[in-house]
Amino acid sequence: MRIAICPGSFDPATLGHLDIIHRSAKLFDKVIVVVMSNYNKTNYSFTAEERVQLLKRCTTDIPNVEIDSYDGLLVDYAKRVGACAVVKGLRAVSDFEYEFQQALTNKNLYPELETVFVTTRAENMFLSSSVVKQVCSLGGDITPFVPEQIRDDIIKRIRR
């Protein structure tokens, strides 16, 4: 069984994230979406468990997707679950630089693990969790940016 991991902070999940997850599920037998901590981010809007629950609600229609969380080295998690690949979504060249560095680090730590880059669809190139939080906090409509299943949860949390 070919298992891939889609790691991210998903704070909150966006339609861009869901697009990458859906497309990954077509490429691999099993995709584990892993909510992780990004050590460059310190102020999360949702706890890791809340992010797991939100993602579960958005992926019920994808039978080969599981949601989990992990707070450690991605390669250690990959070894534990027997993953052969990490799938990362790319929006722009600036994403590539950071993700390429991460891919090389992971390859050095775990040579059997491949990184697959999936480019975002044009309509999601600008989209990020930070954009969603900013638009939401200023009272804007986030409907075009986030899964319908979790839109109200995001609004309730961000607009407080």
Student: Can you find a heavy atom in the side chain of Asp29 that is under 4.5 Å from one in the side chain of Ile3?
Tutor: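 Not touching, per the 4.5 Å side-chain cut-off.
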
Student: Supply the atom-to-atom distance Lys56 NZ to Gln53 CD, rounded to the nearest 0.5 angstrom.
Tutor: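 The NZ atom of Lys56 sits 5.0 Å away from the CD atom of Gln53.
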
Student: Answer yes or no: is there a donor N or O on one side and an acceptor on the other, between the side chain of Arg151 and the main chain of Val146, under 3.5 Å?
Tutor: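 It does not hold such a pair.
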
Student: Any side-chain heavy-atom pair from Leu15 and Pro147 closer than 4.5 angstrom?
Tutor: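 In short, these two side chains touch, coming nearer than 4.5 Å.
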
Student: Between Met36 and Val52, is there shared hydrophobic-cluster membership here, with clusters defined by ILVMFWY side-chain heavy atoms closer than 4.5 Å?
Tutor: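 Hydrophobic grouping puts Met36 apart from Val52.
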
Student: Restricting to side-chain contact (heavy atoms from CB on, under 4.5 Å), what partner residues turn up for Leu27, sequence neighbours left out?
Tutor: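 Leu27: no side-chain contact (heavy atoms from CB on, under 4.5 Å) contacts found.
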
Student: Is there a donor-acceptor pair closer than 3.5 Å between any side-chain N or O of Glu50 and the backbone N or O of Thr47?
Tutor: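 Yes, the answer is positive, given that a donor and an acceptor are paired below the 3.5 Å cut-off.
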
Student: Partners of Asn64 by side chain to side chain donor-acceptor pair (under 3.5 Å), sequence neighbours excluded?
Tutor: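 So Asn64 forms no side chain to side chain donor-acceptor pair (under 3.5 Å) with any residue.
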
Student: Suppose the criterion is salt bridge (charged side-chain N to carboxylate O under 4.0 Å, His left out): which pairs have a residue in residues 133-148, not counting sequence neighbours?
Tutor: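 Every salt bridge (charged side-chain N to carboxylate O under 4.0 Å, His left out) pair that includes a residue of residues 133-148, provided the two are not neighbours, is Asp11-Lys133.
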
Student: Hydrophobic clusters here meaning ILVMFWY residues chained together by side-chain heavy-atom distances under 4.5 Å, can you tell me if Ile155 and Ile158 are in one?
Tutor: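 Same hydrophobic cluster.
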
Student: To the nearest 0.5 Å, what is the distance between CG (Asp68) and CZ (Arg80)?
Tutor: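 If I round to the nearest 0.5 Å, the distance is 6.5 Å.
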
Student: Output every pair passing ring-ring contact (aromatic ring centres under 6.0 Å, His included) with a member in residues 48-77, not counting sequence neighbours, ordered by first then second residue.
Tutor: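 Sorted pair list: Tyr70-Tyr77.
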
Student: Would you name the heavy atoms of Asp61 and His22 that are closest together and state the gap between them?
Tutor: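 That closest heavy-atom pairing would be OD2-CE1, 3.3 Å.
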
Student: Please check if the number of heavy atoms outside Arg57 that lie under 6.0 Å from its CZ is greater than 12.
Tutor: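 Yes, CZ of Arg57 has more than 12 neighbouring heavy atoms, counting only those of other groups under 6.0 Å.
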
Student: Would you please name every residue forming a side chain to side chain donor-acceptor pair (under 3.5 Å) with Glu112, sequence neighbours left out?
Tutor: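 Testing Glu112 for side chain to side chain donor-acceptor pair (under 3.5 Å), a comparison that skips the adjacent residues, returns none.
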
Student: Which heavy atom of Ala83 sits nearest to which heavy atom of Tyr110, and what is that distance?
Tutor: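 Nearest heavy atoms, Ala83 then Tyr110: O-OH, 4.0 Å.
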
Student: Which residues satisfy the side-chain contact (heavy atoms from CB on, under 4.5 Å) test with Thr14, sequence neighbours excluded?
Tutor: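 If we apply the side-chain contact (heavy atoms from CB on, under 4.5 Å) test to Thr14, skipping adjacent residues, the hits are His17, Leu127, Ser129, Val132.
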
Student: Using the test salt bridge (Lys or Arg N to Asp or Glu O under 4.0 Å), find all partners of Asp95 that sit at least two apart in sequence or belong to another chain.
Tutor: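 With sequence neighbours excluded, Asp95 shows a salt bridge (Lys or Arg N to Asp or Glu O under 4.0 Å) to Arg91, given in chain and number order.
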
Student: With sequence neighbours excluded, tell me which residues meet side-chain contact (heavy atoms from CB on, under 4.5 Å) with Asp71.
Tutor: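 In terms of side-chain contact (heavy atoms from CB on, under 4.5 Å), with neighbours along the sequence ignored, Asp71 is linked to Ser37, Tyr39.
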
Student: Measure the shortest side-chain to side-chain distance between Lys30 and Arg2 over non-hydrogen atoms and say whether it is less than 4.5 angstrom.
Tutor: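 Side chain of Lys30 against side chain of Arg2, heavy atoms only: no contact under 4.5 Å found.
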
Student: Is it the case that atom CD in Gln134 sees more than 12 heavy atoms from other parts of the structure closer than 6.0 Å?
Tutor: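 No, because the 6.0 Å sphere around CD of Gln134 holds 12 heavy atoms or fewer from other groups.
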
Student: For Asp19, is there an ion pair with Arg121 - N to carboxylate O distance below 4.0 angstrom?
Tutor: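 Judged by the 4.0 Å cut-off on N to carboxylate O distance, Arg121 and Asp19 do form a salt bridge.
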
Student: Please round to the nearest 0.5 Å and tell me the distance separating atom CG of Asn108 and atom CG of Leu104.
Tutor: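 Atom-to-atom, Asn108:CG and Leu104:CG are 8.5 Å apart.
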
Student: Determine whether Phe46 and Phe10 fall in the same hydrophobic cluster, where Ile, Leu, Val, Met, Phe, Trp and Tyr are linked whenever their side-chain heavy atoms lie under 4.5 Å apart.
Tutor: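 As far as the 4.5 Å side-chain criterion goes, Phe10 and Phe46 are not connected within one cluster.
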
Student: Does some side-chain heavy atom of Leu113 sit less than 4.5 Å from a side-chain heavy atom of Val75?
Tutor: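 The answer is yes; the side chains approach within 4.5 Å.
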
Student: The criterion is side chain to side chain donor-acceptor pair (under 3.5 Å); which residues satisfy it with Ser9, sequence neighbours excluded?
Tutor: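 For Ser9, the residues satisfying side chain to side chain donor-acceptor pair (under 3.5 Å) (neighbours in sequence not counted) are Lys41.
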
Student: Could you measure the distance from the CD atom of Gln149 to the SG atom of Cys58? Nearest 0.5 Å is fine.
Tutor: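 The CD atom of Gln149 sits 5.0 Å away from the SG atom of Cys58.
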
Student: In this structure, would Tyr98 and Phe96 fall into the same cluster of hydrophobic residues linked by side-chain contacts under 4.5 Å?
Tutor: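 No.
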
Student: With sequence neighbours left out, what residues match Glu114 under side chain to side chain donor-acceptor pair (under 3.5 Å)?
Tutor: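 Per chain and number, Glu114 pairs via side chain to side chain donor-acceptor pair (under 3.5 Å) with Lys107.
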
Student: To the nearest 0.5 angstrom, please state how far the NZ atom of Lys88 sits from the CD1 atom of Ile20.
Tutor: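 The CD1 atom of Ile20 is 10.5 Å from NZ of Lys88, to the nearest 0.5 Å.
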
Student: Please, which pairs that meet ring-ring contact (aromatic ring centres under 6.0 Å, His included) have at least one residue in residues 120-157, sequence neighbours excluded?
Tutor: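 Listed once each, the pairs are Phe126-Phe145.
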
Student: Under the side-chain hydrogen bond (donor to acceptor under 3.5 Å, both in side chains) rule, what do Gln101 and Glu97 come out as? Steps first, then yes or no, please.
Tutor: CA-CA 6 Å; Gln101 182 181 31; Glu97 261 185 78; over 6 Å; no

Student: Could you tell me which residues satisfy ring-ring contact (aromatic ring centres under 6.0 Å, His included) with Tyr44, sequence neighbours excluded, listed by chain and number?
Tutor: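 Not a single residue meets the ring-ring contact (aromatic ring centres under 6.0 Å, His included) criterion with Tyr44.
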
Student: Is Ile62 close to Ile21 at the side-chain level, that is, under 4.5 Å between some pair of heavy atoms?
Tutor: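 The answer is yes; the side chains approach within 4.5 Å.
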
Student: Is any side-chain heavy atom of Val87 closer than 4.5 Å to one of Phe117?
Tutor: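 A side-chain contact is absent here, since even the closest heavy-atom pair is not under 4.5 Å.
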
Student: Can you get from Val33 to Val116 by hopping between Ile, Leu, Val, Met, Phe, Trp and Tyr side chains that sit under 4.5 Å apart?
Tutor: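 Same cluster.
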
Student: Roughly how far apart are Ile32 CD1 and Ile5 CD1, rounded to 0.5 Å?
Tutor: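 Those atoms lie 6.0 Å apart.
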
